[in-house]
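First up is the structure itself, then whatever we jot down about it.
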Amino acid sequence: MVWKKTKWPVYHLFVGLLAIVMVYPVIWLLVSSFKKSSTIFTTSTSLIPHPWVWENYKLGWSGASDISFGHYIYNSLEIVIISTIGAVLSSAFIAFGFARLKFVGRGVWFGIMMVTLMLPHDVVLVPQYILFSKLHWLGSIKPIVVPQFFGIPFFIFLMVQFIRSIPRELDEAATIDGVGKFGLFFRIIIPLIVPSLATAAIFSFYWRWEDLMGPLLYLNKPSSYTVSLGLKMFLDSEGLSNWGAMFAMSIVSLLPVLLVFFLFQKYIVEGISTSGLK
Amino acid sequence: MKLSLKNNLIGYTFIAPFVIGFLIFTLYPAISSLYFSFTDYDLLTTPQWSGADNFTSMFQDKRYVHSLKVTLIYVFIGVPLRLIFALFVAMILNTATKAVGIYRTVYYLPSIIGGSVAVSIMWRNVFGDNGIVNGLITALGFEPIRFFGNPSAALFMLISLSVWQFGSSMLIFLAGLKNIPSELYEASSVDGAGFFRRFFSITIPMLTPIILFNLVMQLISAFMTFVPAYIISKGEGGPLDGTLLYSLYLFKQAFVYFDMGFASAMAWIMLIIVGLLTAVVFATSRLWVHYESEGGR
């Protein structure tokens, strides 16, 4: 679409206004977290807190049930870090197999992987829960993190596509030099696919950080709750109407997400436009 | 070509994590889910074979039928709106100006924070009885609207939340738009084609593979929407089951009422519906998806 120079002010006015509408709810949340709980809704149209209140953050940080919000963050980070390491490494390993090795049944297994990619998770929700309960894994983070070590179809697909774009001559040269398949994977391919590893790591971080269903099903002690469950507890005790604290911790829960977004924007945008994640 | 045992061994070593994970965490659960769907199972006692009871009682369960209806409305209104909006914004952002990077970031932001509990809490309060939207409505002299007091308005709030998060589809459209050769537009401009003519005879046909991709992905994920419905209605799917999305009702059947058989049957019906919809989309795609490599249709 070509815009004539004279239309630029109109363009920026329109696109800018729409952008403001888009982020307005987030700004409102941010501003409200600095308002006194009792005035949040009476002054809901004002974007300037009066007075500015920091207590919401102190109050929210002390948590909803004697457990500090920092504890929830620690729990979330533990799950996110273990999951992400597992998901990225296993997916890369599997992707190399699909992209570069020839073996009987490769096409069939690749097809199965593409089908699991589209399989609604609800189908396996109940039996997985039963499986984990039989393994006595309920109440631990195992049901959430262990499956991550068996490859995530989305990431495998993403990395297969990426590896296929790497010239095969590199493999051949390395093979002639006597490098085996494992050496080829660890020494040649891994360093070359860092961008797709980064994309997968970022999305793994987002998905685990935001995950509600996993923690809801498998974590039954408040001391092991994640950020998502911690926020949900605020919501459950909403009757006590500590809006400010809940909004403040909502903002805190979004900070890591926003930080990762602004730091790795380039990877994220490329990762999405080539693969359709998120 | 004959593959040596060694090659097969190495190949399977690399894909072993997937094969093992698939068997344990997908195939085995899927088969047991199919078995459970024909049983009466409350987790504590052994499953009792009940034939097709779950399936017949499902369609006599008014709440089930209602949740299916609510979900179909959510999907059939939400997904097209989201895609239209995504395409519209992608088109306005497909220009060369420095500010576009900032705009793209801003428009994508809601999607990046999308699945979180915080956003659902925010939406609940932005549109709450005393929220900012009602603040504006009353400031303009109208009666406040109880968005979450009315079943269809509450469902519309969930739809609007999903439309607000159009960012990932937008980025995919944007990448697609960049791949359309500008010569096509120039040639048609010379021929005197106007904006709409160019939109419908160049942009849309060239984007059809991407529209197909977005449509399938969004369809599947919309069907599984859980967090916003769960958080906004505090796990109840209210008011009057207005936001009782399929996943939420499945979750309640399984983990609130402990009717694992019924929940499994629900899961299989969902799989069939999603499978059928996807199949219909793919089957009809031959009529409307344009692949350049085939030299037109």
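Letters go in sequence order (proteins before strands), and every chain restarts at 1.
Scanning residues 257-265 of chain B against chain A with a 4.5 Å non-hydrogen threshold yields B:M260, B:A263, B:S264, sorted by number.
Residue A:L229 does not touch chain B at all, counting heavy-atom pairs closer than 4.5 Å. Of the two parts of A:S228, the backbone and the side chain both hold a non-hydrogen atom closer than 4.5 Å to a non-hydrogen atom of chain B. In this structure, chain A has a heavy atom under 4.5 Å from the side chain of B:I220, while its backbone stays farther away. Looking at B:S189, neither its backbone nor its side chain comes within 4.5 Å of chain A, counting heavy atoms on both sides. Neither the backbone nor the side chain of B:V163 comes within less than 4.5 Å of any heavy atom of chain A. Residue B:V274 touches chain A through its side chain alone, counting heavy-atom pairs closer than 4.5 Å. Proximity to chain B (any heavy atom under 4.5 Å) is shown, for A:L231, by both the backbone and the side chain. Proximity to chain A is absent for every atom of B:F173, based on heavy atoms less than 4.5 angstrom apart. Using a 4.5 Å cut-off between heavy atoms, A:I156 touches chain B through its side chain atoms alone. Looking at B:F251, only its side chain comes within 4.5 Å of chain A, counting heavy atoms on both sides. With a threshold of 4.5 angstrom between heavy atoms, A:F182 approaches chain B through its backbone and through its side chain. For a residue to count as touching a neighbouring chain, one of its non-hydrogen atoms must lie under 4.5 Å from one of that chain's; by this rule A:W28 touches chain B with the side chain only. Of the two parts of B:W268, only the side chain, counted from C-beta on, holds a non-hydrogen atom closer than 4.5 Å to a non-hydrogen atom of chain A. Proximity to chain B is absent for every atom of A:I251, based on heavy atoms less than 4.5 angstrom apart. If you measure heavy-atom distances from A:F261 to chain B, the contacts under 4.5 Å come from the side chain alone. Interface remark: B:Y230 contributes side-chain atoms only to the contact with chain A (heavy atom separation under 4.5 Å).
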Could you pull out every donor-acceptor pair under 3.5 Å between side chains of residues 112-125 of chain A and any protein atom, sequence neighbours left out?
residue: A:T116; atom: OG1; partner: A:I112; partner atom: O; Å: 2.9
residue: A:T116; atom: OG1; partner: A:M113; partner atom: O; Å: 2.7
residue: A:D122; atom: OD2; partner: B:S247; partner atom: OG; Å: 2.6

Extract all donor-acceptor atom pairs below 3.5 Å that involve side chains of residues 19-32 of chain B and protein atoms in other chains or at least two apart in sequence.
residue: B:S32; atom: OG; partner: B:Y28; partner atom: O; Å: 2.8
residue: B:S32; atom: OG; partner: B:P29; partner atom: O; Å: 3.2

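Considering only heavy atoms from C-beta on, B:Y108 comes within 4.5 Å of A:I268 through its side chain. In this structure the side chain of A:Y24 never reaches within 4.5 angstrom of the side chain of B:V126, judged on heavy atoms.
Atom CD1 in B:I10 sits 11.5 Å away from atom CZ in A:F103 (nearest 0.5 Å). How far CG of A:L235 is from CG of B:N125: 8.0 Å, rounded to the nearest 0.5 Å.
Comparing A:I94, A:V257, A:V21, A:L101 by heavy-atom pairs within less than 4.5 Å of chain B, the highest count is held by A:I94. When the candidates A:I40, A:L29, A:I20 are compared by the number of heavy-atom contacts under 4.5 Å with chain B, A:L29 comes out ahead. Counting heavy-atom pairs closer than 4.5 Å to chain A, the top-ranked of the candidates B:L174, B:V89, B:I121, B:V133 is B:I121. Listed options A:P147, A:P153, A:G151, A:S253 were ranked by heavy-atom pairs under 4.5 angstrom with chain B; first place goes to A:P147. With chain B as the partner, the residue from A:L217, A:V26, A:V23 showing the most heavy-atom pairs under 4.5 Å is A:L217.
Taking both residues in full, the closest heavy atoms of A:F93 and B:T13 are given as CE2-O, 3.5 Å, listed atom of the first, atom of the second, then distance. Across all their heavy atoms, A:V104 and B:Y12 have their closest contact at O-OH, 2.6 Å.
Applying the side chain to side chain contact (heavy atoms under 4.5 Å, CB included) test to A:F262 and every residue at least two apart in sequence or in another chain returns A:L258, A:Q265, B:T105, B:L109.
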